[in-house]
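Hydrogens, waters and symmetry mates are skipped; everything else that's a heavy atom, side chains included, is used.
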Amino acid sequence: MKLATWNVNSLKVRLPQVLDWLAANPVDALCLQELKLDQDKFPLQAFTDIGYHADWAGQKTYNGVAILSKVAGTEIVKNIPGFEDHQQRVIATTLPYGESTIRVISAYCPNGQSLDSDKYQYKLGWYAAFKAWLAEEIKQHERVAVLGDYNVAPADEDVHDPAKWVGQVLVSEPEREAFRELINLGLTDSFRLFEQAPKSFSWWDYRMNGFKRNAGVRIDHVLLSKVLVPHCTACIIDKAPRANEQPSDHTPVVATLV
DNA sequence: ATGGTGGGGAACCCA
């Protein structure tokens with residue numbers, strides 16, 4: 001089974017690239033973030049045409065998440081239950097996995113803007129609610145895969161120039177602690193299960209030739225619950241789409257489970 | 001040096 005995540009930064013603009021990518025990378029599930037389109041503007045037909053089901057939580061202008069899957073999911077949940085949030089950042093589904101099932105979650109964690117911003121406080125509060133909900137999800141579903149844009153680079157090795165990033169969002173200690181708290185629920189950053197090239201990143205700023213200089217950060221992750229870890233045989237960042245014309249600023253991350 | 005690029009949507013907000 002292959003699971004992937006991709007922050008597409010507008011599904012409207014990136015739809016042809018997503019279709020191309022799926023044709024070349026026929027994953028079982030693709031989690032999308034930053035759809036940036038209203039619920040009724042989702043291009044469902046384009047995905048059904050290529051054999052994918054879709055569940056999504058859209059909103060006008062910002063945010064929005066989806067899960068494309070070869071098999072229709074069940075127990076769809078949108079948003080974090082009990083957490084008042086006008087921003088569409090979470091969707092969950094249950095998919096078949098061998099003789100059992102796997103809970104797959106697509107998450108677009110808040111960016112936070114800057115450490116002195118209200119959005120940073122929102123981010124930390126959001127993470128607390130996300131953690132509490134994930135704890136419940138892990139209780140109810142032994143096999144859980146949480147994919148998405150976490151907007152946190154967990155360690156300095158996930159940052160092109162850690163010294164330049166001191167004091168910025170994505171790397172601050174409270175954010176990293178919030179991410180570690182997810183890990184402490186019994187989740188594993190599947191990318192670090194394997195030997196990886198140094199300077200492996202999933203996001204590069206559009207500005208200042210970020211991608212050409214490999215001035216990126218690794219903020220898109222595939223987290224796996226304990227029982228899934230021995231089943232994970234690979235986790236890779238596919239840099240190819242970032243080199244497309246009109247690319248998203250993020251690139252896909254793909255985990256393989258057996 | 002507080003820029004720069006890109007998406008949304010129609011002046012700025014967000015990343």
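Straight-line distance between the P atoms of B:dG6 and B:dA11: roughly 22 Å, to the nearest whole Å. When the C1' atom is compared between B:dG9 and B:dA15, the two are found 16 Å apart, to the nearest whole Å. B:dA1 and B:dA10 have their P atoms separated by 37 Å, with the value rounded to a whole Å.
First and last contacting nucleotides of DNA chain B toward chain A (any atom under 4.0 angstrom from a heavy atom, 5' to 3' order): B:dG4 to B:dA15.
Screening A:Asp149, A:Leu11, A:Ile91 for a side-chain contact (heavy atoms from CB on, under 4.5 Å) with A:Leu32, the sole residue that qualifies is A:Leu11.
Annotation: ring pair (Phe, Tyr, Trp, His ring centres under 6.0 Å) contacts of A:Tyr150 (sequence neighbours excluded): A:Phe179, A:His221. Annotation: ring pair (Phe, Tyr, Trp, His ring centres under 6.0 Å) contacts of A:Phe211 (sequence neighbours excluded): A:Trp204. By the side-chain hydrogen bond (donor to acceptor under 3.5 Å, both in side chains) test, A:Glu75 pairs with A:Thr94, sequence neighbours left out. Here A:Tyr97 pairs with nothing under the ring pair (Phe, Tyr, Trp, His ring centres under 6.0 Å) rule; sequence neighbours left out. Checked against side-chain hydrogen bond (donor to acceptor under 3.5 Å, both in side chains), A:Gln140 has no partners two or more places apart in sequence or in another chain.
Sequence neighbours left out, not one pair with a member in residues 50-71 of chain A passes salt bridge (Lys or Arg N to Asp or Glu O under 4.0 Å). Under the salt bridge (Lys or Arg N to Asp or Glu O under 4.0 Å) criterion, the residue pairs touching residues 109-126 of chain A are A:Lys123-A:Glu175, with sequence neighbours excluded. The list of salt bridge (Lys or Arg N to Asp or Glu O under 4.0 Å) pairs with a residue in residues 196-215 of chain A, not counting sequence neighbours, reads A:Asp205-A:Arg207. Each salt bridge (Lys or Arg N to Asp or Glu O under 4.0 Å) pair with one or both residues in residues 214-228 of chain A, not counting sequence neighbours, appears once here: A:Asp158-A:Arg218, A:Asp189-A:Arg218.
DNA chain B is contacted by both A:Asn9 and A:Asn151; A:Asn9 maps to the nucleotide lying nearer its 5′ end (nearest heavy atom per residue). Nearest-nucleotide mapping onto DNA chain B: of A:Leu35 and A:Asn63, the residue sitting toward the 5' end is A:Leu35.
Heavy-atom distances under 4.0 Å link DNA chain B to A:Tyr108, A:Asn111, A:Lys119 of residues 106-122 of chain A, given in residue order. Against DNA chain B, the stretch residues 201-210 of chain A makes heavy-atom approaches under 4.0 Å through A:Tyr206, A:Arg207.
Although no hydrogens or angles enter the test, the distance criterion places a donor-acceptor pair under 3.5 Å between the side chain of A:Ser202 and the main chain of A:Ile219.
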